[in-house]
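Each remark here refers to the structure printed beneath this line.
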Protein chains: 2
Amino acid sequence: MNLKKLSKILGLSQTTVSRALNNYPEVSEATRERVKAAAAQHNYRANIRAKSLATGRSMAIGHVIPISTRHEIVNPIFADFIAGAGEIYSRNHHDMLLSVVPDIDEERTYRELAAKASVDGVIVHGPRQNDPRIALLKSLGIPFVVHGRTSDGDTDYSWVDVNNRRSFERAANFLFDLGHIRLGLINGLEFMDFAKRRKDGFLAAHKTRGLHAHPVFMATGEMTEGFGYNKAQSMLGDPNPPTAFIVSSMIMAIGVRRAISDAQLKMGRDISVIIHDDALSYLPNGADIPIFTATKSSVHEAGKLCAQMLLDIIDAGDQTPRHTLLETDLTLGESTGPAPK
Amino acid sequence: MNLKKLSKILGLSQTTVSRALNNYPEVSEATRERVKAAAAQHNYRANIRAKSLATGRSMAIGHVIPISTRHEIVNPIFADFIAGAGEIYSRNHHDMLLSVVPDIDEERTYRELAAKASVDGVIVHGPRQNDPRIALLKSLGIPFVVHGRTSDGDTDYSWVDVNNRRSFERAANFLFDLGHIRLGLINGLEFMDFAKRRKDGFLAAHKTRGLHAHPVFMATGEMTEGFGYNKAQSMLGDPNPPTAFIVSSMIMAIGVRRAISDAQLKMGRDISVIIHDDALSYLPNGADIPIFTATKSSVHEAGKLCAQMLLDIIDAGDQTPRHTLLETDLTLGESTGPAPK
DNA sequence: GCAAATATTCAAAGCGCTTTGGTAATGATT
DNA sequence: AATCATTACCAAAGCGCTTTGAATATTTGC
């Protein structure tokens, strides 16, 4: 079923049928209803590619998911983020175009997306401290929103980010308040901007207390369960080990918990743990009482915000950057307690 | 830059330029090279929607990800599956169109995908035992591959699945061989086909040994860490508890491990655990020695296989269903041992 | 009752590509 | 030298929609 056939059936021109369906005012209510009824009856939907060829808008948003070439790891938070964004898209009749590409091919992918005019805008995932994608997308003239931020270079673009620095500063201070002096940081890769900011917050808290963060107690790496386990284990093996950990993700924290339990220690009593909790749907932080004390910020919500911001930007045709900085909730769980004597 | 301009620059017709770029034979090698050089120089890429409007092929594959309306949970294996499939798509110049929809809207989504002609085929995720989507997609005439299978109704369609029944039968038998008699099963929702098959395998092993599976020791629910924890905890609280668990996913197993550790038991000594391991990139089952004894099958690989099968089907224009049944590896880890006396 | 204003409808062009059905030029065949 | 293939190219139609500009029908104003 297509427009031509449908208009023939109705005895109307394609123009009128098209306008009736798209709610243009210059169509009488009587015919509009007749047209809509016929469209429903014949299960007519405008061919999306013909439509977007005619309008110049693709009604699709691109997400380029980089896969680390070295480690082949997919960021697990991505499922929840996508779910959030997808909710907004489908509510606004947009499609989501996903490109999963080795990080080495990212630039080419963005260029193609732009040249082929496949999308009206893109969401940028996992920004590095200094990320060439910003300049690239600007030069391509394609609207975009970054999930996260960059620190160096051009910072004049739209983003939605969590206040990572403050979160981790608060987390560290909270542990200091409990009497802990030696903290371990188990963080993501430091060329990732969020990881850098978290470390900065961690260090800032040390500084105000006049404490010194031991480099050996600041680990940075791929955010897997295994990495969390290894680093926690080796830090706990130190002759003068940390009494508390701050861990950048639930997944790593699971490894940390395993290491603690392997060392015959009890989390929350012998050793405290604060995690950053992205509120992943499949990894809830306990039911009523959180397992982990956490700086919490829903990545599902972030997906929704990014998507909405991008659609707004596209709609407005507007170039002035927008920003949303989300504060985290510091929620008390059972993984923290006073420093052991 | 578009075809028209490019052909003007080259002093050739659009026909010739198009043919040169698409490697048709009726173009001299000299002009072909000249055209390709110019295309590269001007960063020309065919507008994908114009192209697919003309060819009738969208060069896109749809994935409809259902979100459970009741629980709002995103299946975490989905990230790795998508990554695998995406690899195949980009290698074959296809796009991936993702629709994240409440399970209640699934049918409408498929109908729209078909009517709007947005995709050349779809991958069906998470089939139920008797899944209406099969008949729907057949009636819509849209090529599809199911990741998993159905048990009831029409079973004549293409799929890629893991031999879930045999996997869990083997797992149970392995535990019986170790002297365990009371096994606990912590499984996904049973209307999901994979969960049903796993349970069938579990029961089959009991039957051949002349053993009876206790209903209280067979849990079924949403595959979260919390569910694994709750069920393991309650089963361990039984006056005559199981001495081994078979767990349907790594995520749930993490909860099971937490319950075991909370109960002051040692996994692999006091209680054995076998999991099904989807080989998720961000949740590797240990480094050199697996943490869990597992029936292992990479979901990333399954994504690749599904994608490739679908592209092959579309390419062949062929209707005869194809099947790939993957056997799992039963890999020995540190979570299993002889039944305690 | 007639011009002007307004409300409806339509034919045709255009979005950027592919593909059909040619033509012109070259080379091979008798 | 005339005929036939073959090679290399092109003009124009068509994919299914939107939108411009014009035409026709219906009201309104005086």
Side-chain angles (χ1 to χ4, degrees), chain A residues 1-36 38-39 42-60 93-95 112-120, chain B residues 1-39 42-60 93-95 112-120 314:
Chain A
M1 178 53 58
N2 56 24
L3 231 209
K4 205 175 191 175
K5 283 191 205 161
L6 187 66
S7 47
K8 191 150 289 172
I9 291 173
L10 283 158
L12 288 168
S13 72
Q14 293 191 37
T15 311
T16 305
V17 176
S18 168
R19 292 200 151 143
L21 293 173
N22 290 313
N23 295 317
Y24 278 67
E26 55 268 74
V27 169
S28 75
E29 271 316 306
T31 37
R32 187 190 308 285
E33 272 175 32
R34 201 161 66 87
V35 169
K36 287 202 170 174
H42 295 90
N43 195 34
Y44 169 77
R45 254 96 165 194
N47 179 306
I48 200 155
R49 272 168 324 216
K51 186 168 189 159
S52 66
L53 182 57
T55 57
R57 291 190 54 176
S58 68
M59 300 300 277
H93 309 287
H94 277 252
D95 288 327
E112 285 195 356
L113 240 36
K116 296 195 296 184
S118 345
V119 296
D120 292 334
Chain B
M1 179 53 57
N2 57 24
L3 231 209
K4 204 176 193 174
K5 284 191 208 162
L6 187 66
S7 46
K8 191 150 289 171
I9 290 173
L10 283 159
L12 287 168
S13 73
Q14 294 190 37
T15 311
T16 305
V17 175
S18 168
R19 293 200 151 143
L21 292 172
N22 290 311
N23 295 317
Y24 278 67
E26 54 270 72
V27 169
S28 75
E29 270 317 304
T31 37
R32 187 190 307 286
E33 274 175 31
R34 200 161 67 88
V35 169
K36 288 201 170 175
H42 295 90
N43 195 35
Y44 169 78
R45 253 95 166 194
N47 179 306
I48 201 156
R49 275 176 319 257
K51 186 168 190 160
S52 67
L53 182 57
T55 57
R57 290 190 55 177
S58 70
M59 300 301 277
H93 309 287
H94 277 251
D95 288 327
E112 286 195 354
L113 240 35
K116 296 194 297 184
S118 345
V119 297
D120 292 334
I314 291 168

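Because the structure is a prediction, the values reported are computed rather than measured. Proteins get letters first, then strands, A, B, ... in listed order; numbering begins at 1 in each.
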When the axes are fitted on five pairs at both termini, how much does the helix from C:dG1-D:dC30 to C:dT30-D:dA1 curve, in 10° steps?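 Computed from the C1' atoms at both ends, the axes differ by 50°.
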Which heavy atom of A:Ala115 sits nearest a heavy atom of B:Asn43, and at what distance?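 For A:Ala115 versus B:Asn43, the nearest heavy atoms are CB-O, 4.2 Å.
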What are the two closest non-hydrogen atoms of A:Val27 and A:Arg32, and how far apart are they?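 Between these two residues, the closest heavy atoms are O-NH2, 3.6 Å.
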5'-most contact on DNA chain D: B:Arg32 or A:Met1, nearest heavy atom basis?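 It is B:Arg32 whose nearest nucleotide is closer to the 5' end.
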By a strict heavy-atom criterion of less than 4.0 Å, which residues belonging to residues 42-59 of chain A are in contact with DNA chain C?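 The answer is A:Leu53, A:Ala54.
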Which distance, rounded to the nearest 0.5 Å, do you find between the [atom1] of [X] and the [atom2] of [Y]?
{"X": "A:His93", "Y": "A:Ile48", "atom1": "NE2", "atom2": "CD1", "value": "10.5 Å"}
{"X": "B:Ser58", "Y": "B:Leu113", "atom1": "OG", "atom2": "CG", "value": "9.0 Å"}
{"X": "B:Asn2", "Y": "B:Asn47", "atom1": "CG", "atom2": "CG", "value": "9.0 Å"}
{"X": "A:Arg45", "Y": "B:Lys116", "atom1": "CZ", "atom2": "NZ", "value": "8.5 Å"}

Pairs meeting criterion salt bridge (Lys or Arg N to Asp or Glu O under 4.0 Å) with involvement of residues 47-60 of chain B, two or more places apart: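 Passing the test, one end in residues 47-60 of chain B: B:Arg57-B:Asp120.
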Is a donor from one side chain sitting under 3.5 angstrom from an acceptor on the other, for A:Thr55 and A:Ser52?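 No.
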Measure from CD on A:Glu29 to P on C:dT8 and round the result to the nearest Å.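 Interatomic distance, CD of A:Glu29 to P of C:dT8: 9 Å.
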Using the heavy-atom set of chain A and a strict 4.0 Å cut-off, write down the first and last nucleotide of DNA chain D that makes it in, 5' to 3'.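 Range of nucleotides touched by chain A: D:dG16 to D:dG21.
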Near-strand residues of residues 6-18 of chain A, defined as heavy-atom separation under 4.0 angstrom from DNA chain D: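 By residue number: A:Gln14, A:Thr15, A:Ser18.
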Strictly below 4.0 Å: does B:Tyr24 bring a side-chain N or O up to OP1 or OP2 of C:dT19?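 Yes, because at least one side-chain N or O of B:Tyr24 sits under 4.0 Å from OP1 or OP2 of C:dT19.
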Scan A:His42, A:Lys5, A:Arg34 and name whichever one has a side-chain contact (heavy atoms from CB on, under 4.5 Å) with A:Leu10.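 By the side-chain contact (heavy atoms from CB on, under 4.5 Å) criterion, A:Leu10 pairs with just one of A:His42, A:Lys5, A:Arg34: A:Arg34.
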Check whether any side-chain heavy atom of B:Met59 lies under 4.5 Å from a side-chain heavy atom of B:Asp95, and answer yes or no.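 Sidechains of B:Asp95 and B:Met59: no contact.
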Could you give the side-chain donor-acceptor pairs of residues 14-24 of chain B under 3.5 Å, partners two or more places apart or in another chain?
| from | atom 1 | to | atom 2 | distance (Å) |
| --- | --- | --- | --- | --- |
| B:Thr16 | OG1 | B:Ser13 | OG | 3.1 |
| B:Asn22 | ND2 | B:Ser18 | O | 3.1 |
| B:Asn23 | OD1 | B:Lys36 | NZ | 2.8 |

